[in-house]
Amino acid sequence: MSKEGSNKLYWIHYIIMLALIACGWLLPAGEVITPMGMKAIGIFAGLIYGWIFIDLIWPSLLGLVLLSFTGYGKLTDVFGEGFGSEIVLLIIFFSVFTKWLEDIGLTNSIAQWMLSRKILAGKPYLFLFVIFLVTYVVSACVGIYATIFLMWLLGSPRLLLLDEPGVGVDPQSRRELWRMVQELSRDGMSVIWATAYLDEAERCARVVVLDKGRVLYSGTPDVFTGRATGRVFLLKAPAGTHKRELARWTMRPGIEDALVQGSRIRLVLAADAPEYLRSGILAQGGEAVPPRLEDAYMSAVGGISQAPSPYAGLYAQRHLAGEVSGRSAENDGCEKGTQARATGTPEADDTLASAKERGMPSIEADHLTKKFGDFTAADNISFSVLPGEIFGLLGPNGAGKSTTFRMLCGLSRPTSGQCSVAGMDLLTAGSEARARLGYMAQKFSLYPDIPVVENIKIFAELYGLSRQRRDKLLPVLSGALELQDFLHSRTGDLPLGQKQRLALLCATLHDPPVLFLDEPTSGVDARTRRDFWKHISAMTAAGAAVLVTTHFMEEAEYCDRIALIYRGAMIRMGTPDELKAACTSVEDPTLEEAFIDSIEEYDRHNPQ
């Protein structure tokens, strides 16, 4: 080819390369790939074309570096928040992927194919760049399941150990994760799955049930579940009375477990429960149902704790004395209502309703928006939480729940909108205002290298508690949260469940009128979850306002109202009954089914 023709071909290749990059910026995104992902793919398509046809190595390397620094190198930006991998993983994938190609004999085949077409002529480095690009695409497709996929790339090991992989993962992602593990198991891999979620354990071929270092059972789940046969009932509860009925049944002798399921209360009777209790349930319209693994587990560990929560009395002493509401003249009437609600009597709801009518919102979000560059993490979020109310924020991972939390707590400045807690903007308020709220972070954030009791003392001092008050509260709260035996243990050595107990104790040590709980029961066993919510309900019974996030949908039934956050927007808000009633695709849906249905409906009407 003449020099003139060669130059013309060079510029044709150069124009094609620029066109590929432009397509990434101009073409619309699909349902799977985000707009930022389209830009990244366009850039990479252009760069690899330049590597192959016109030897533009240095501009390509510079482009790759710029992608990393400008955020395009984050795989979460390419395929959405649910995938969770960063560009650092490319180094791992690059080495693993290359080794796998070599192990299965594809390395020589690919190299010979490229040489036969003279693609590698004079460019011995190109093969590595091609593998690096393939690595990027593969890792983007894997996302949060990178660990499992890496194991598969390394040659399908015989044993896979998963230590609570579902902790902090939303229901949709947990289902997908479980599907992937089942496929690996069907291919011959042995999987050991450690979990505190009994619905996950129920899917296993065999289970080992542990409690306080003891083996309670080892064998197939159905045999263990069969121990509760004939002792599980579903009882219809009138709309709006679920929390009251749940509180009433929880305190009845002979009841080992009680929780809300759909529009009904699920009850587990003790093996020695009196016959009149069973007859009474049936007389009220209850029906016997097959047991679940969680029913048998709750029975095996002795059932729910029916001891009253000390938080009701502690909060009542301070809040009803006027320290929070400033209404000391109304204390007598409020005290009666607080005691009534704590025991689940009808007077409780009436007193709380009147208190809400009189009081101002304890937490208020007004068109909160938070942007990080072009990415909107929270978009126009508005809600309010009244004294004595539990308000739940639900949503998939990366939906914007924690971002909203941080803005309300004064840890992050909103791009636009306003927020207040106890009538104050925490971004501008002093430390005295911040002492009026309690915050339990999603990630354990206490000092790991000191004893448990020292962490408690530090928080007592930070919140201004006197030594006498601290010494009085310590045995009461540590006993209620079952931390007595761990007070002198190194904090970092605590099991996950005990760490969560300690975090809750430190967040509530000063009886805050406003409480933020970011996934407080992540990785906590079923019995402890029931205890947590008993304490939280006791705090709200005395007038505290609680904002909580959770991925455990049965827990969300404890909330008075729920906001569903998805893709940074609040797509639905209402009571648990209202959210379940909006789900028409399932008869008598659970809150988890309503949660998934709402997200799928939003995706259908608002494709990305």
Side-chain angles (χ1 to χ4, degrees), residues 305 307-321 323-325 338 341-342 362-363 385 387-392 405 408-409 421-422 426 433-447 452-466 469-484 486-487 491 494 497-522 524 528-550 555 558-559:
S305 170
S309 171
Y311 281 101
L314 294 173
Y315 266 73
Q317 290 172 16
R318 298 192 63 187
H319 293 202
L320 297 180
E323 290 186 32
V324 175
S325 65
T338 299
R341 187 167 185 253
S362 295
I363 305 172
V385 185
E389 185 177 26
I390 303 176
F391 191 93
F405 252 58
L408 287 167
C409 292
V421 176
L426 295 184
R434 294 176 183 270
R436 294 173 62 82
L437 67 89
Y439 178 66
M440 182 174 171
Q442 181 179 13
K443 183 179 179 181
F444 185 74
S445 55
L446 303 183
Y447 298 104
V452 168
V453 68
E454 295 302 322
N455 262 305
I456 298 173
K457 290 179 179 179
I458 288 173
F459 274 80
E461 291 181 12
L462 288 174
Y463 288 128
L465 268 66
S466 66
R469 174 77 174 166
R470 182 199 70 194
D471 293 342
K472 181 181 179 181
L473 288 176
L474 185 55
V476 176
L477 297 184
S478 62
L481 294 169
E482 299 181 8
L483 284 169
Q484 315 97 307
F486 299 93
L487 289 177
T491 300
L494 292 179
Q498 300 300 333
K499 287 181 178 178
Q500 295 296 89
R501 293 173 190 263
L502 175 60
L504 180 64
L505 189 154
C506 291
T508 57
L509 190 61
H510 57 304
D511 308 332
V514 178
L515 191 58
F516 290 89
L517 304 174
D518 198 357
E519 298 187 28
T521 58
S522 271
V524 174
T528 303
R529 289 199 299 269
R530 311 287 199 273
D531 282 344
F532 269 38
W533 281 100
K534 177 177 68 177
H535 299 317
I536 294 169
S537 297
M539 297 174 206
T540 57
V546 176
L547 183 64
V548 63
T549 68
T550 179
E555 289 184 355
Y558 291 95
C559 298

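Positions are given from 1 along the sequence.
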Find out whether [X] and [Y] are in side-chain contact, i.e. whether some heavy atom of one side chain is under 4.5 Å from a heavy atom of the other.
| X | Y | result |
| --- | --- | --- |
| Arg436 | Val514 | no |
| Arg469 | Asp511 | yes |
| Ile456 | Leu473 | no |
| Tyr558 | Ile536 | no |
| Val548 | Cys559 | yes |
| Gln500 | Thr521 | no |

| Residues in ring-ring contact (aromatic ring centres under 6.0 Å, His included) with Phe532, at least two apart? |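 Once residues adjacent in sequence are excluded, Phe532 has no partner under the ring-ring contact (aromatic ring centres under 6.0 Å, His included) criterion.
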
Do you know the tightest heavy-atom contact between [X] and [Y]?
| X | Y | value |
| --- | --- | --- |
| Phe459 | Leu509 | C-CD2, 4.3 Å |
| Thr540 | Glu389 | CG2-O, 4.1 Å |
| His535 | Ala480 | NE2-O, 3.5 Å |

| task | State which residues pass side chain to side chain contact (heavy atoms under 4.5 Å, CB included) with Leu462; sequence neighbours excluded, sorted by chain then number. | result |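 Partners of Leu462 by the side chain to side chain contact (heavy atoms under 4.5 Å, CB included) criterion, ordered by chain and then number, come out as Ile458.
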
| message | Name the residue from Leu487, Thr491, Leu481 that meets the side-chain contact (heavy atoms from CB on, under 4.5 Å) definition with Leu502. | response |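 It is Thr491, the one option of Leu487, Thr491, Leu481 that forms the side-chain contact (heavy atoms from CB on, under 4.5 Å) with Leu502.
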
| Out of Val421, Val546, Thr549, which one pairs with Phe516 under the side-chain contact (heavy atoms from CB on, under 4.5 Å) rule? |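 The single option meeting the side-chain contact (heavy atoms from CB on, under 4.5 Å) with Phe516 is Val421.
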
| request: Return yes if some donor-acceptor pair links the side-chain N/O of Lys534 with the main-chain N/O of Ala307 below 3.5 Å, else return no. | output: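 Flag set: sc Lys534 to bb Ala307 pair under 3.5 Å.
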
| message | In terms of relative ring orientation, are Tyr439 and Phe405 parallel, tilted or perpendicular, with 30° and 60° separating the classes? | response |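 Taking Phe405 first and then Tyr439, their aromatic rings sit tilted (interplane angle of 30° to 60°).
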
| query | Rounded to the nearest 0.5 Å, how far does CG of Leu505 lie from CE of Met440? | reply |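 Met440 atom CE to Leu505 atom CG measures 10.5 Å (nearest 0.5 Å).
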
